[in-house]
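Right, one structure below, let's go through it.
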Amino acid sequence: MTNHAFLDLCARVFDGKASRDDLRRWNERLVNDPAQRRLYRDLCGHLVLIEEELVGTQHPETARPPRPVVMARSLAAAAAVLVAAWAWWGNRTPAASPVSSDKAVATAEDSAAAPPSAFIYPFDGFPHLEAQAAPGDPDPELRVVALDEVDPRIVTIAQRLAGSGPGDEFDL
Amino acid sequence: MAEVVCRMNAEEIARELLARRLDLTAYLRSLVCNRDDAEDLFQDLCVKAVARAVEFQSAEHLRRWFFAAGRNAAIDAGRQAQRHPLVLSEAAVAALAADEPERPAIGWRERLHALRRCLETLTPRAREIVQLRYGAGLDGRAVSHRSGRSLDAVYKTLARSYQYLRECIRRREALDNRLP
């Protein structure tokens with residue numbers, strides 16, 4: 001099988017359009033042909049780059065819907081979320097075109113976990129993130145506003161890193 | 001004298017994994033053949049890695065754990081999806097995971113830059129199809145409908161574009177490596 005035929009088959013497999021016979025042949029190539037296995041790995045690496053580059057730059061008509069996200073359940077978890085998000089931000093290339101998001105809001109239910117000031121501290125001086133807490137509020141809500149563009153996929157990862165559970169209050 | 005063993009803390013692990021996000025996601029994608037599944041798996045493994053923070057003695061240790069855990073998770077996911085036709089056989093997953101992933105000659109920012117330049121040199125028709133398929137996330141049939149080309153032509157264009165981009169990025173990487 002030529003490389004072109006193999007890549008053509010990859011396109012069909014990724015699309016869920018390969019026949020059982022095609023799938024069998026495709027798997028055989030991956031098991032038995034190191035060169036085409038490497039070609040496939042290169043392809044996967046390039047597809048990740050292509051999507052990183054193209055997702056978010058497409059016409060609104062074809063924009064992907066946002067992926068499900070989770071909420072931070074404590075102040076400590078919310079803090080870890082944005083520390084991780086900031087770690088990501090520091091590694092991001094400025095020339096890339098991130099998914100636009102005006103605002104990210106995390107609601108913390110467990111106000112007893114830490115005083116609001118402990119949460120605000122990690123963002124002091126960071127231009128892209130801002131913490132807004134409501135001290136003394138009987139029903140404390142912690143709002144974390146991203147002032148610039150943040151890739152929602154990374155915020156989702158950061159939330160999960162923080163150990164938060166499923167929910168729908170994190171609004172991107 | 002007792003040997004001092006360094007351990008990574010949770011923040012170091014998070015930074016390491018996020019800094020290598022694209023490379024690690026590419027590896028996972030090769031095992032699950034799907035963007036969303038690869039991202040979900042990446043997130044799950046990040047959470048597990050942070051939870052096991054005290055076990056990791058170095059970034060290399062973490063990296064090797066990640067590859068092994070990714071392979072096991074991909075095989076498990078395949079077994080759980082038995083009602084659907086399996087895409088990658090367990091033998092193929094094992095073969096892919098057994099190859100030591102190459103360490104790219106240049107960082108992902110530079111590769112992204114190279115890709116951007118290469119995408120600009122695709123023909124308008126090919127770029128439109130790549131954009132619809134991987135930017136907009138449309139499946140082949142929808143790309144075919146939107147672009148007015150046959151499904152077969154869409155797959156062939158994607159295959160040609162992959163080959164072109166691979167060679168183009170390699171040329172640019174080689175060029176960048178020669179620069180001081």
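Just so we're clear, the structure is a prediction, and the values are computed from it rather than from any experiment. Reminder, nothing fancy here: chain letters follow the sequence lines and each chain counts from 1.
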If you compare all heavy atoms of [X] against all heavy atoms of [Y], which two are closest, and at what distance to 0.1 Å?
X: A:Gly45; Y: B:Ala26; result: CA-CB, 3.5 Å
X: A:Asp8; Y: B:Ala159; result: N-CB, 3.5 Å
X: A:Trp26; Y: B:Cys33; result: CH2-SG, 3.6 Å
X: B:Arg141; Y: A:Lys17; result: NH2-CE, 4.1 Å
X: B:Arg133; Y: A:Phe14; result: NH2-O, 3.5 Å
X: B:Leu119; Y: A:Leu54; result: CD1-CD2, 4.1 Å

Exercise for review: Between chain A and each of B:Val93, B:Leu96, B:Thr25, count heavy-atom pairs under 4.5 Å; write down the option with the most.
Suggested key: B:Leu96
Point to revise | Among the listed options B:Ala38, B:Ser30, B:Ala94, the residue most often paired with chain A at heavy-atom distances under 4.5 Å | key: B:Ser30
Review point. So with a 6.0 Å cut-off around NE2 of B:His145, is the heavy-atom count from everything else above 12?
Key: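 No - once you tally the heavy atoms of other residues, nucleotides and ligands closer than 6.0 Å, there are 12 at most.
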Any carboxylate oxygen within less than 4.0 angstrom of a Lys/Arg side-chain nitrogen, looking at [X] and [Y]?
X: B:Asp152; Y: A:Arg12; answer: yes
X: A:Arg38; Y: B:Asp99; answer: no
X: A:Glu52; Y: B:Arg111; answer: no

Check your understanding: Is A:Asn27 reaching over with its side chain to a backbone N or O of B:Val87, donor-acceptor style, under 3.5 angstrom?
Key ->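 Such a contact is found between A:Asn27 side chain and B:Val87 backbone.
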Taking the side chain as everything from C-beta on, heavy atoms only, tell me whether [X] gets closer than 4.5 Å to [Y].
X: B:Arg29; Y: A:Glu51; value: yes
X: A:Asp42; Y: B:Arg170; value: yes
X: B:Tyr27; Y: A:Arg41; value: yes
X: B:Asp23; Y: A:Val48; value: no

Interface moiety of [X] toward chain A, non-hydrogen atoms closer than 4.5 Å:
X: B:Val130; value: both
X: B:Leu28; value: neither
X: B:Asn34; value: neither
X: B:Leu158; value: side chain

**Study point:** B:Leu151 reachable from B:Tyr162 in the ILVMFWY side-chain graph, under 4.5 Å edges
**Key:**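 Different hydrophobic clusters.
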Check your understanding: Looking at A:Leu30, A:Val31, A:Leu47, which makes the most heavy-atom pairs under 4.5 Å with chain B?
Key ->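 Heavy-atom pair counts peak at A:Leu47.
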**Study point:** B:Tyr155 and A:Asp15 side chains, donor-acceptor separation under 3.5 Å
**Key:**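 On atom types as modelled, these side chains qualify, holding a pair under 3.5 Å.
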Proximal component of [X], with respect to chain B [non-hydrogen, under 4.5 Å]:
X: A:Asn3; answer: both
X: A:Leu9; answer: neither
X: A:Leu49; answer: both

Could you grab the distance from atom [atom1] of [X] to atom [atom2] of [Y], nearest 0.5 Å is fine?
X: A:His46; Y: B:Ser161; atom1: NE2; atom2: OG; value: 13.5 Å
X: B:Ser89; Y: A:Glu28; atom1: OG; atom2: CD; value: 9.0 Å
X: A:Ile50; Y: B:Leu165; atom1: CD1; atom2: CG; value: 5.0 Å

